[in-house]
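Note sheet for the following structure.
Counting starts at 1 for both ligands and their atoms, following the listed order.
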Amino acid sequence: MPLIHECVVTTLSPEGRPHIAPLGLIEEQDYWIAAPFRPSSTLYNLTQNPQLTASFTDDARVFAGLVAGRRNWPLTDIEDWPAPRLSAALAHAELIVERVEEHELRPRFFCKVRRIESHRPFLGMNRARAAVLEAAILATRLDMLSREKIESEIAYLQIAIDKTAGEAEREAWDMVMAKIEGYKDRAKVPATR
Ligand SMILES: Cc1cc2nc3c(=O)[nH]c(=O)nc-3n(C[C@H](O)[C@H](O)[C@H](O)COP(=O)(O)O)c2cc1C
């Protein structure tokens, strides 16, 4: 399996409006591949505008916030490049789509890296941040998972939160948990029609 870089991708609408979404970019030989599911704004934007920016951040709140519906994360313009990066990025990569492999559910956009720039130091791995990332991915797939699977995954990930989270990671965890609890509550309501 190839390495996947979990990042926040900025794409541009036809009017040039930036859209951010968490995405895993697949590193395969000389290409980085974006594989957004249908339907999504990221996919639509990439078919309209072949330039994207990947922001690499250690702020788990951004991933958590985006899956919980908080989209107003500050962006910073990049000189000579149309898609802004997250202001919180430790580094960003500018990517150009070279070709597209069409697929009914999940087309693959093969990109070349134009430039990578660092903005601040990376201060090491952290289990709680990784746990938030896992829970955030889980929170985007709730309708595909059983309640038992969701609960057992959360119970395991909670250990890393309890042992290694700082304040930001706790805040991020709470955002994802609120999203998952909201889904579970809605799933309990019997269908009326
Ligand atoms: C860490 C992480 C990685 C993700 N990677 C992908 C991905 O590779 N492809 C995808 O379609 N969705 C992925 N998602 C889910 C999308 O971010 C989510 O579906 C998002 O709403 C995209 O839709 P939008 O472009 O309409 O905003 C990921 C979510 C997280 C938290």
[X]: which residues meet the salt bridge (Lys or Arg N to Asp or Glu O under 4.0 Å) condition with it, sequence neighbours left out?
X: Glu27; answer: none
X: Glu94; answer: Arg114, Arg115
X: Glu102; answer: Arg38

Quiz item: Is a salt bridge present between Lys184 and Glu181, judged by a nitrogen-to-oxygen distance below 4.0 Å?
Solution: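 Result for this pair is yes, salt bridge flagged.
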
Quiz item: Charged N to carboxylate O below 4.0 Å: is that the case for Arg129 and Asp58?
Solution: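 Result for this pair is yes, salt bridge flagged.
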
Quiz item: Would Thr11 and Thr42 count as having a side-chain donor-acceptor pair, cut-off 3.5 Å?
Solution: no

For each nitrogen or oxygen atom of ligand 1, which protein N/O atoms lie closer than 3.5 Å, and how far apart are they, rounded to 0.1 Å?
| from | atom 1 | to | atom 2 | distance (Å) |
| --- | --- | --- | --- | --- |
| ligand 1 | 5 (N) | Gly24 | N | 3.2 |
| ligand 1 | 8 (O) | Gly24 | N | 3.3 |
| ligand 1 | 8 (O) | Arg106 | NH2 | 3.1 |
| ligand 1 | 9 (N) | Ala35 | O | 3.1 |
| ligand 1 | 9 (N) | Arg106 | NH2 | 3.3 |
| ligand 1 | 11 (O) | Phe37 | N | 2.7 |
| ligand 1 | 17 (O) | Pro22 | O | 2.6 |
| ligand 1 | 25 (O) | His19 | NE2 | 3.3 |
| ligand 1 | 25 (O) | Ser41 | N | 3.3 |
| ligand 1 | 25 (O) | Thr42 | N | 2.8 |
| ligand 1 | 25 (O) | Thr42 | OG1 | 2.6 |
| ligand 1 | 26 (O) | Ser41 | N | 2.8 |
| ligand 1 | 26 (O) | Ser41 | OG | 3.4 |
| ligand 1 | 27 (O) | His19 | NE2 | 2.8 |

